[in-house]
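Small disclaimer: the values here were computed from a predicted structure and weren't measured.
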Amino acid sequence: EAAKAQANRVTNFSFEVPGANELQAEAWQTEYGSYERSRVLFGGWDGEYALKLVSSGDSTSLSSVKQRINFEQTTPVPVLITARVKGASIANNTTDKYGAVLYCRVRYQTGDTDYCPTTAKTKNVGSFDWRYVGLNTGTMLRGHLPVKWIEVVPLIGPAGGTAWFDDVH
């Protein structure tokens, strides 16, 4: 089923609001590695700042942040999760299934969890300008169930390179 347009529930979706310091973004938590709220030369996709994730290329250099969005659905409605991503020198390493990707975890009211797929089709590699990426919970294994919460996770895998994320919805 197609996801319907909904109000954006992501807090600080364009990373414009600083967190505890200027390099952190309010409402986003480090999951792996580290990140930086970065002023983007010539502007981000939406505003002046974007999320910057760097991977050194070693097997432990995965970097990501996350934000949990509560939905508490009683009736199942597919949710569309989107972002813009920009890359610089992200290696196409065959042992890395991520590249630069918008990952997620979807918890349903039943307690079941789906994970957004990460495949050769979802990973972004190389150097590229802003791209639209997204996922529809309606296409997931349990997408017919009401959503309790979604963790949105902009991520760069251990391939090496830099990724910027902006305008997360």
Side-chain angles (χ1 to χ4, degrees), residues 1-15 25 27-35 44-46 50-55 59-73 75-87 90-126 128 130-169:
E1 181 179 349
K4 296 178 174 60
Q6 300 177 28
N8 187 3
R9 296 179 186 223
V10 178
T11 302
N12 200 15
F13 60 89
S14 285
F15 309 98
W28 291 92
Q29 297 176 305
T30 301
E31 183 166 61
Y32 297 107
S34 63
Y35 79 97
W45 175 261
D46 181 13
L51 170 74
K52 180 180 177 184
L53 298 171
V54 178
S55 171
S59 63
T60 61
S61 67
L62 182 81
S63 289
S64 66
V65 299
K66 69 179 178 182
Q67 184 177 138
R68 181 175 288 184
I69 300 120
N70 293 314
F71 286 87
E72 299 297 343
Q73 292 180 347
T75 303
V77 177
V79 178
L80 183 63
I81 305 159
T82 64
R84 300 290 176 158
V85 62
K86 180 178 181 174
I90 301 170
N92 190 8
N93 184 335
T94 57
T95 60
D96 167 44
K97 65 179 181 177
Y98 299 110
V101 67
L102 182 61
Y103 183 67
C104 72
R105 294 174 197 92
V106 182
R107 175 66 53 91
Y108 299 97
Q109 294 292 3
T110 59
D112 294 307
T113 304
D114 275 336
Y115 301 90
C116 292
T118 51
T119 67
K121 287 185 178 184
T122 62
K123 88 180 200 182
N124 294 278
V125 296
F128 51 90
W130 294 106
R131 291 182 181 168
Y132 179 82
V133 293
L135 303 149
N136 177 350
T137 63
T139 65
M140 295 181 165
L141 179 63
R142 297 170 191 87
H144 61 283
L145 298 172
V147 174
K148 181 176 182 72
W149 53 257
I150 297 175
E151 285 182 342
V152 179
V153 185
L155 180 148
I156 187 169
T162 303
W164 292 267
F165 287 86
D166 207 354
D167 199 27
V168 181
H169 284 81

### Query
Can you list the steps and then say if Lys123 with Asn92 is a side chain to side chain contact (heavy atoms under 4.5 Å, CB included)?
CA-CA 9 Å; Lys123 88 180 200 182; Asn92 190 8; 3.2 Å; yes
With a 4.5 Å heavy-atom cut-off, do [X] and [Y] have their side chains touching?
{"X": "Asn124", "Y": "Val133", "value": "yes"}
{"X": "Pro158", "Y": "Asn93", "value": "no"}
{"X": "Cys116", "Y": "Met140", "value": "yes"}
{"X": "Thr162", "Y": "Trp164", "value": "yes"}
{"X": "Val152", "Y": "Ile69", "value": "yes"}
{"X": "Leu62", "Y": "Tyr98", "value": "yes"}
{"X": "Ile90", "Y": "Phe128", "value": "yes"}
{"X": "Val65", "Y": "Gln29", "value": "no"}

Measure across [X] and [Y] and return the closest heavy-atom pair with its distance rounded to 0.1 Å.
{"X": "Ala163", "Y": "Val85", "result": "CB-CG2, 4.5 Å"}
{"X": "Ser64", "Y": "Val153", "result": "CB-CG1, 3.7 Å"}
{"X": "Leu135", "Y": "Cys104", "result": "CD1-SG, 4.1 Å"}

Does [X] have any salt bridge (charged side-chain N to carboxylate O under 4.0 Å, His left out) partners at least two apart in sequence or in another chain, and if so, which?
{"X": "Asp96", "value": "none"}
{"X": "Lys148", "value": "Glu72"}
{"X": "Arg105", "value": "Glu31, Glu151"}

By side-chain hydrogen bond (donor to acceptor under 3.5 Å, both in side chains) - contacts of [X] (at least two apart):
{"X": "Ser14", "answer": "Asp46"}
{"X": "Tyr108", "answer": "Asp114"}
{"X": "Thr113", "answer": "Arg107"}
{"X": "Ser63", "answer": "none"}

## Note on the structure
Output for pair (Gln109 CD, Leu145 CG), nearest 0.5 Å, gives 9.5 Å
### Task
Measure the CD1-CZ distance between Ile150 and Arg9 for me, rounded to the nearest 0.5 Å.
9.0 Å
Contacts of type ring-ring contact (aromatic ring centres under 6.0 Å, His included), residue [X], not counting sequence neighbours:
{"X": "Phe13", "value": "His169"}
{"X": "Trp28", "value": "Phe15"}
{"X": "Phe165", "value": "none"}

Is there a donor-acceptor pair closer than 3.5 Å between any side-chain N or O of [X] and the backbone N or O of [Y]?
{"X": "Ser55", "Y": "Gly160", "answer": "yes"}
{"X": "Gln73", "Y": "Val147", "answer": "yes"}
{"X": "Gln67", "Y": "Thr11", "answer": "yes"}

What donor-acceptor contacts under 3.5 angstrom involve side-chain atoms of residues 76-83, with partners at least two apart or in another chain?
none

### Task
Determine, for Trp130 and Arg84, whether the Lys NZ or Arg CZ falls below 6.0 Å from the six-membered ring centre while staying within 45 degrees of the axis.
no
### Message
Using the side chain to side chain contact (heavy atoms under 4.5 Å, CB included) criterion, which residues pair with Ala91? Sequence neighbours excluded.
### Response
Ala159
